Number of protein chains: 2
Amino acid sequence: MSYGPAILEIVEVSREHLTAEQIFLKMKEKGSGVVLATVYNNLARLHQQGRIRRICVDGFPERYDRTARHDHLVCRRCGSLADVCFPDLTELLQSRTEEKLLNYDLQVSYLCPACRKALTED
Amino acid sequence: MSYGPAILEIVEVSREHLTAEQIFLKMKEKGSGVVLATVYNNLARLHQQGRIRRICVDGFPERYDRTARHDHLVCRRCGSLADVCFPDLTELLQSRTEEKLLNYDLQVSYLCPACRKALTED
DNA sequence: CTCTCTTCTTAGAATCAATCTAATTTTAAA
DNA sequence: TTTAAAATTAGATTGATTCTAAGAAGAGAG
């Protein structure tokens, strides 16, 4: 069987920053009989192989993302993610330390349009 | 009573990136009869007030840190944190988007000295 | 003081994402 | 085949964190 390829495709194609549970539901919608634990297993393996990214935001379940270089705006209020592409900082960062840097994760907090609206209405 | 000040001081003084549980243990060592839930309550309040930082690394419990500007090296293998101070990126980032940015969190992954050693010994 | 209102603390239960266990099935290899 | 390795499964378990409901402490007003 191997659900790996199907799961990888969902993560890469949908630009939605899906949780394991959401990926599981998408699989079921497509008629797959896969089980949640298998989705977790595959996501862990894909992540370990460096083929998908894992996005960790305080208070929310892990979300998964393609690896192509980009950064994230994280809504301080609702936790929603928006893609954004800041300049590549790899060289700048590496030039400032002796340690061998592997990669980096830049999350910038903001208020998403919906939350900004909700807050001004109070 | 109010355990807030004592908890804030532990986070600010110790540069150890402590978890809620570790802070709780430090309080008890000092003779405090505080309860774990209260430590969580106070940490949540202090964080909401913007007086402490919360560090979220995939697979590890939340750790708490002073707010003074600095970044983190995160060991890919053991999750340990090391402080590092890269240049302030606020203006660079803000100049690249229309959204009003609040603050940012930059985590750079690497292998800490201990893990580098352990891996070359295999 | 003392009454009231709000904040803080507490024990214990509950939550829930994520992992583990142990058994089964698939796949690959020899 | 036979064996071994990898993937999947159902179900139980974990463990950090939050919630609940009740009690204690502090702060102001009169």
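Source: prediction; values computed, not measured. The sequence lines fix the lettering, A, B, ..., with proteins before strands; numbering per chain opens at 1.
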B:Leu89 vs A:Leu92 side-chain heavy atoms within contact, under 4.5 Å
yes

Taking the side chain of B:Asn41 as heavy atoms from C-beta outward, which of D:dA7, C:dT10, C:dC8 is closest to it?
C:dT10

For the pair made of NZ in A:Lys28 and P in D:dT9, what is the distance, rounded to whole Å?
12 Å

Just the rounded figure in Å: distance from C1' of C:dT9 to CD1 of B:Ile7.
11 Å

Bend across the helix from C:dC1-D:dG30 to C:dA30-D:dT1, to 10°, with axes taken over 5 pairs at each end?
30°

Distance below 4.0 Å between A:Thr38 side-chain N/O and D:dT9 OP1 or OP2
yes

B:Arg45 CZ - D:dT17 P separation (whole Å):
17 Å

Mind listing the N/O atom pairs, protein and nucleotides 16-19 of chain C, below 3.5 Å?
| unit_1 | atom_1 | unit_2 | atom_2 | d |
| --- | --- | --- | --- | --- |
| C:dA18 | OP1 | A:Glu62 | N | 2.9 |
| C:dA18 | OP2 | A:Tyr40 | OH | 2.9 |

Are the charged groups of A:Asp83 and A:Arg66 less than 4.0 angstrom apart, N to O?
yes

Taking atom P of C:dT9 as reference, at what distance in whole Å does atom CG of B:Leu46 sit?
10 Å

Are the side chains of B:Pro87 and A:Arg96 in contact, using a 4.5 Å heavy-atom criterion?
yes

Min side-chain heavy-atom separation B:Tyr104-B:Asp88 under 4.5 Å
yes

Please work out which of the three classes, parallel, tilted or perpendicular, describes the rings of A:His17 and A:His72, given edges at 30° and 60°.
perpendicular

Between D:dT9 atom C1' and A:Phe24 atom CZ, what is the distance in whole Å?
12 Å

Whether the side chain of A:Asp65 engages the backbone of A:Arg53 through a donor-acceptor N/O pair (distance < 3.5 Å, no angle test) should be reported.
no

Run the side chain to side chain donor-acceptor pair (under 3.5 Å) test against B:Arg116 and tell me which residues pass, sequence neighbours left out.
A:Glu99

Send over the distance from B:Tyr3 OH to D:dA24 P, rounded to a whole Å.
14 Å

I'd like to know if B:Lys26 and B:Glu9 make a salt bridge, using a cut-off of under 4.0 Å between side-chain N and carboxylate O.
no

Would you please test B:Val74 and A:Asp105 for side chain to side chain contact (heavy atoms under 4.5 Å, CB included) and show each step?
CA-CA 10 Å; B:Val74 186; A:Asp105 176 37; over 6 Å; no

Rounded distance in Å - CG (B:Leu43) to C1' (C:dT9):
14 Å

Starting from P on D:dA7, measure out to CD on A:Gln48 and report it in whole angstrom.
11 Å

